[in-house]
Amino acid sequence: MKVGLAGQGAFGIKHLEAIQKIPGIEVITLTGGNQESTKEVAQKFGIPHYTGDLAESLKQPGLEAMILATPTQMHAAQS
């Protein structure tokens with residue numbers, strides 16, 4: 001399954017660490033609020049696409065699900 005993750009902070013990293021232990025899950029896009037740290041996290045976890053724009057992540061070919069690891073107050077608007 002190809003998934004994306006929104007949120008490159010502490011909770012996002014915890015999700016990425018857990019996802020690495022699940023066979024068959026591939027993170028193909030990362031959305032973050034800080035472009036430099038988003039790039040660093042994407043490179044560290046081998047995520048091929050990263051951006052600051054959630055809409056751009058949602059357009060990635062093959063994306064099947066998006067995980068929101070952003071601040072809770074943002075979840076309603078993002079979903």
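This chain uses plain numbering: 1 for the first residue, then up along the sequence. Heavy atoms only: backbone and side chains are in, while hydrogens, waters and symmetry mates are out.
Across all non-hydrogen atoms, the minimal contact from Gly62 to Ile28 is C-CD1, 4.3 Å. Shortest non-hydrogen contact noted between Gln35 and Gly52 is OE1-N, 3.4 Å. Between Ser57 and Thr31, the closest heavy-atom pair is OG-OG1, 2.6 Å. In terms of heavy atoms, His75 sits closest to Thr70 at NE2-O, 2.9 Å. The two residues Ala69 and His15 come nearest to each other via the heavy atoms CB-ND1, 4.0 Å. Between Val3 and Leu63, the closest heavy-atom pair is C-CD1, 3.5 Å.
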(request) Walk me through it: do Glu17 and Phe45 pass the test side-chain contact (heavy atoms from CB on, under 4.5 Å)? (result) CA-CA 9 Å; Glu17 291 169 346; Phe45 287 92; 4.1 Å; yes
(message) If you apply the rule side-chain contact (heavy atoms from CB on, under 4.5 Å), what do you find for Asn34 with Gln8, and how did you get there?
(response) CA-CA 8 Å; Asn34 176 298; Gln8 86 289 1; 3.6 Å; yes
(request) Go through the steps to decide whether His49 and Leu30 satisfy the test side-chain contact (heavy atoms from CB on, under 4.5 Å), and finish with yes or no. (result) CA-CA 6 Å; His49 177 265; Leu30 176 66; over 6 Å; no
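Between the CG atom of Leu5 and the CG atom of Leu68 there is a distance of 8.5 Å, given to the nearest 0.5 Å.
A donor and an acceptor atom, one from each side chain of Thr29 and Gln60, are nowhere located under 3.5 Å apart.
Criterion: ILVMFWY side-chain heavy atoms under 4.5 Å apart, direct or through other members. Under it, Ile67 and Ile13 are part of a common hydrophobic cluster.
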